[in-house]
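Being a predicted model, the structure only gives us computed values, none of them experimental. We use all heavy atoms of the structure for the numbers below, so side chains are in, but hydrogens, waters and symmetry mates are not.
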Amino acid sequence: MRRLLAASSLILAASSVAYADDPDPKFTFGKKDDVKNVTAPEWTASAEAGVVLTTGNSETTTATGGVHASRKTGFNKFSLDATIAYAESAIKALDDKNGNGLVDDPSELVTIDTVTAETMLGKLRYDRYLSDYDSLYVAAIGTRDVPAGKRYDLGGQVGYSRRLQKTDSQETVAELGYDYAREQPVIGVGTDIHSIRGFIGTKVKMTVGTDLDASAEVLTNVNTETLNTGQSGSPFEDTRFNGHIAISSKIGKRLSAQTSLDVHYDHRPAPLVVKNVMFAPGVVLVAAPEDTIMKFELIYTFF
């Protein structure tokens, strides 16, 4: 959290050169003002990226990126969001050739490449606006998180969106709907999850050109699941939470800087995946229920 606050302070300092009249790089939920007075199709698109590479005694590769695009026409809005976070580390391990449990010479040290983060998200969404405050939405979603034991999740959402607050400096939106996911773990068989979804998101203009974007999403299953971990999969046992907070600021006509923190919690996580390790028959370890991702990225808005 101290890292997030420090990076956020840098963004606020950069806001003195912000361009407040340029298109905002990111707004994750829909509202009718998005398509108000739109007489011809309008497109927006932006891309974000961040990377860290180290070699020598510490060998790591960390990369984050994403694309965001939307098309507005009439009372309709189509949007596409895709993000990725990837991290790989090379660690030293013992190749005990004589079985004495000791490192006898450098030849017994080997390097093992381990993927420590592999999170991907793709989302295609359609909003149909009914009034200044009400709209309907439908979305198709795909995710992947191998370290958390999930090879992929594929599914969709449908529901109702309501604007709760609208001022010159802040807007808040809430959504309620249905979520379906087909979850395929790395270990075990896949399962279908039917869930109720609740969402609330807000956006605040903090200073000229600097915005705060925050949201919280809760999903809980309404069907009975057969879980590979042996845990109970009764209704309302598989509850998931997704939290997001980001501060972004213009630092050029089309360039922005953003610091974000994402928090994910799964009350019924998938079986834990450990590379190059065999478990005894009947032994299943469970992945940690919570994950966090902190990012600092540059965002370029194309149009």
[X] and [Y]: which non-hydrogen atoms are nearest, and at how many Å?
X	Y	result
His194	Asn223	N-OD1, 3.1 Å
Glu297	Gly65	OE2-N, 3.6 Å
His264	Asp262	NE2-CB, 3.9 Å
Ala287	Ala148	CB-O, 3.7 Å
Tyr129	Ser135	CD2-CB, 3.6 Å
Asp211	Met206	C-SD, 4.2 Å

Less than 4.0 Å between a side-chain N and a carboxylate O, is that true for [Y] and [X]?
X	Y	result
Asp266	Lys150	yes
Lys203	Glu171	no
Arg125	Asp127	yes
Lys123	Glu217	no
Asp134	Arg162	yes

Do [X] side-chain atoms and [Y] backbone N/O form a donor-acceptor pair below 3.5 Å?
X	Y	answer
Thr44	Phe303	no
Asn228	Val189	yes
Arg182	Leu154	no
Arg151	Val146	no
Thr239	Thr220	no
Asn221	Ser234	yes

I want to check a possible cation-pi pair here: Arg71 against Phe78, using under 6.0 Å from ring centre and within 45° of the ring axis as the test.
no

Could you walk me through whether Ser70 and Ser79 pass the side chain to side chain donor-acceptor pair (under 3.5 Å) test, one step at a time?
CA-CA 4 Å; Ser70 67; Ser79 58; over 6 Å; no

CD of Glu183 to OG1 of Thr143: how many Å apart, nearest 0.5 Å?
8.0 Å

Would you compute the distance between atom CD1 of Ile247 and atom CD of Gln258 and round it to the nearest 0.5 angstrom?
9.5 Å

Would you check if the distance from the ring center of Phe302 to the ring center of Tyr300 is below 6.0 Å?
yes

Under a 3.5 Å threshold, yes or no: a donor from one side chain and an acceptor from the other, between Thr202 and Thr172?
yes

Would Glu88 and Thr60 count as having a side-chain donor-acceptor pair, cut-off 3.5 Å?
no

Listed by chain and number, what are the side chain to side chain contact (heavy atoms under 4.5 Å, CB included) partners of Thr55, not counting sequence neighbours?
none

